[in-house]
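All figures in this text were calculated on a predicted structure; none of them were measured in a lab. For ligands, and for the atoms within them, numbers begin at 1 and follow the listed sequence. Just so it is clear, the values below take in all heavy atoms, side chains as well, and ignore hydrogens, waters and symmetry mates.
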Amino acid sequence: MVMKLKKYIRTVYDFPKKGIEFKDISLLLANGKALHYTINEMAKLAKDADIIVGPDARGFLFGTPVAAKLSKPFIMIRKQGKLPGEVRSYDYGLEYGRDILEIQKGIAKKGQKAVIIDDVLATGGTLKAIIKLLEAEGVEVLRVIVLMELEGFDSRNMLNCEVKNLIYIKKGE
Ligand code: AMP
């Protein structure tokens with residue numbers, strides 16, 4: 001059965017800043033069937049990965065259950081200062097702001113194939129930063145899986161890897 005996930009995404013205008021069309025995933029998470037379907041569909045697209053990688057915080061919501069379903073490792077990408085031990089950092093620009101992301105050195109093994117999972121692909125800045133971190137750790141990125149991809153950004157071209165979405169959202173939708 002194909003489920004239409006778009007109806008569970010609510011657009012909130014001017015949040016968290018004026019001019020941003022914020023895509024709220026709360027209704028999808030709050031619907032057990034939609035959540036189950038989302039995790040299953042993402043897992044189908046991640047079967048060939050050695051590791052699943054997801055960023056803090058919404059990448060954890062989808063990446064960890066997908067990894068658990070496939071019995072694969074999940075690796076955290078977190079904001080600066082959250083991960084203990086030796087870390088590798090990357091400074092990048094967001095649709096609304098800047099951030100520094102980190103991975104623990106050596107947690108992913110050289111030569112492993114990764115699938116990255118996140119909620120929204122907008123500018124692609126976050127995913128690009130994660131790809132850079134993984135490549136610096138000697139990991140090959142097979143693809144990126146996002147719950148939704150937003151129209152109006154040239155993000156696919158800058159990512160240089162396969163991109164899969166479960167929902168494509170046009171401007172003003
Ligand atoms: P980006 O680096 O611009 O592709 O966006 C990175 C992250 O910021 C996404 O994974 C989302 O968690 C969040 N984000 C960016 N734009 C939006 C948006 N319009 N609505 C909701 N979340 C967003």
Side-chain angles (χ1 to χ4, degrees), residues 4-31 34-35 38-39 41-43 45-46 49 51-67 74-83 87-103 108 114-136 139 141-173:
K4 287 205 163 44
L5 293 175
K6 214 181 254 188
K7 67 176 180 211
Y8 300 102
I9 305 298
R10 183 172 69 116
T11 301
V12 184
Y13 294 93
D14 298 325
F15 180 86
K17 280 187 185 168
K18 209 165 172 45
I20 301 291
E21 287 181 21
F22 187 81
K23 303 298 175 189
D24 182 16
I25 58 169
S26 306
L27 293 177
L28 186 145
L29 294 174
N31 183 294
L35 180 59
T38 298
I39 299 306
E41 290 303 303
M42 285 183 166
L45 298 168
I51 56 173
I52 308 293
V53 180
D56 195 351
R58 281 169 274 166
F60 292 3
L61 294 174
F62 301 103
T64 311
V66 168
F74 179 76
I75 289 178
M76 295 185 283
I77 304 289
R78 298 207 67 187
K79 288 172 187 143
Q80 191 178 36
K82 301 281 186 189
L83 290 171
V87 293
R88 185 181 293 282
S89 310
Y90 193 85
D91 183 333
Y92 71 109
L94 273 171
E95 193 188 1
Y96 40 84
R98 290 198 70 71
D99 233 324
I100 296 175
L101 288 184
E102 293 181 340
I103 187 171
V115 165
I116 306 170
I117 297 186
D118 202 3
D119 63 337
V120 175
L121 173 60
T123 66
T126 304
L127 288 164
K128 182 86 193 168
I130 298 168
I131 291 170
K132 292 272 187 210
L133 285 172
L134 289 170
E135 285 176 351
V139 170
V141 177
L142 291 180
R143 80 187 58 84
V144 159
I145 303 171
V146 290
L147 173 63
M148 68 190 118
E149 180 173 351
L150 308 184
E151 187 190 41
F153 300 94
D154 195 24
S155 41
R156 276 186 178 242
N157 291 338
M158 77 182 256
L159 290 181
N160 276 331
C161 75
E162 191 182 15
V163 177
K164 297 276 188 193
N165 65 60
L166 301 192
I167 311 170
Y168 187 79
I169 300 191
K170 296 193 176 142
K171 275 208 154 153
E173 231 176 4

Practice item. Give the single entry among T123, I169, I25, L121 that approaches atom 1 (P) of ligand 1 most closely by any heavy atom. Key: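 Nearest heavy atom to atom 1 (P) of ligand 1 lies in T123.
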Practice item. Using heavy-atom distances, let me know which of L61, I9, T126 sits nearest atom 6 (C) of ligand 1. Key: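 It is T126 that holds the nearest heavy atom.
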**Study point:** Pairwise distance CG(L127) to CD1(I77) - rounded to 0.5 angstrom
**Key:** 10.5 Å
Is there a donor-acceptor contact under 3.5 Å from the side chain of [X] to the main chain of [Y]?
X	Y	result
S155	A122	yes
R143	L45	yes
E102	G81	yes

Check your understanding: Mind checking what makes ring-ring contact (aromatic ring centres under 6.0 Å, His included) contact with Y90, not counting sequence neighbours?
Key ->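 Testing Y90 for ring-ring contact (aromatic ring centres under 6.0 Å, His included), a comparison that skips the adjacent residues, returns none.
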**Study point:** Min N/O separation A122 to ligand 1 under 3.5 Å
**Key:**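 A122 vs ligand 1: N/O contact under 3.5 Å present.
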Exercise for review: Check whether any N or O atom of D118, backbone or side chain, sits under 3.5 Å from an N or O atom of ligand 1, and answer yes or no.
Suggested key: yes
Review point. Can you find a non-hydrogen atom of V146 under 4.0 Å from ligand 1?
Key: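 Contact check V146 vs ligand 1: negative.
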For ligand 1, which atoms sit closer than 4.0 Å to a heavy atom of [X]?
X	answer
E21	18 (C), 19 (N), 20 (N)
L150	19 (N)
G124	1 (P), 2 (O), 3 (O), 4 (O)

Practice item. Using the side chain to side chain contact (heavy atoms under 4.5 Å, CB included) rule, pick out the option among V141, V139, T126 that qualifies with I131. Key: V141
Practice item. Pick one of side chain, backbone, both or neither for how L127 approaches ligand 1, counting any non-hydrogen atom pair under 4.0 Å. Key: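 Neither part.
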Exercise for review: Tell me which part of R58 gets within contact of ligand 1: side chain, backbone, both or neither, using heavy atoms under 4.0 Å.
Suggested key: side chain
Point to revise | Sequence neighbours excluded, every pair satisfying salt bridge (Lys or Arg N to Asp or Glu O under 4.0 Å) that has a member inside residues 164-173 | key: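 As it turns out, the salt bridge (Lys or Arg N to Asp or Glu O under 4.0 Å) pairs with a partner in residues 164-173, which skip direct neighbours, are K6-E173, E162-K164.
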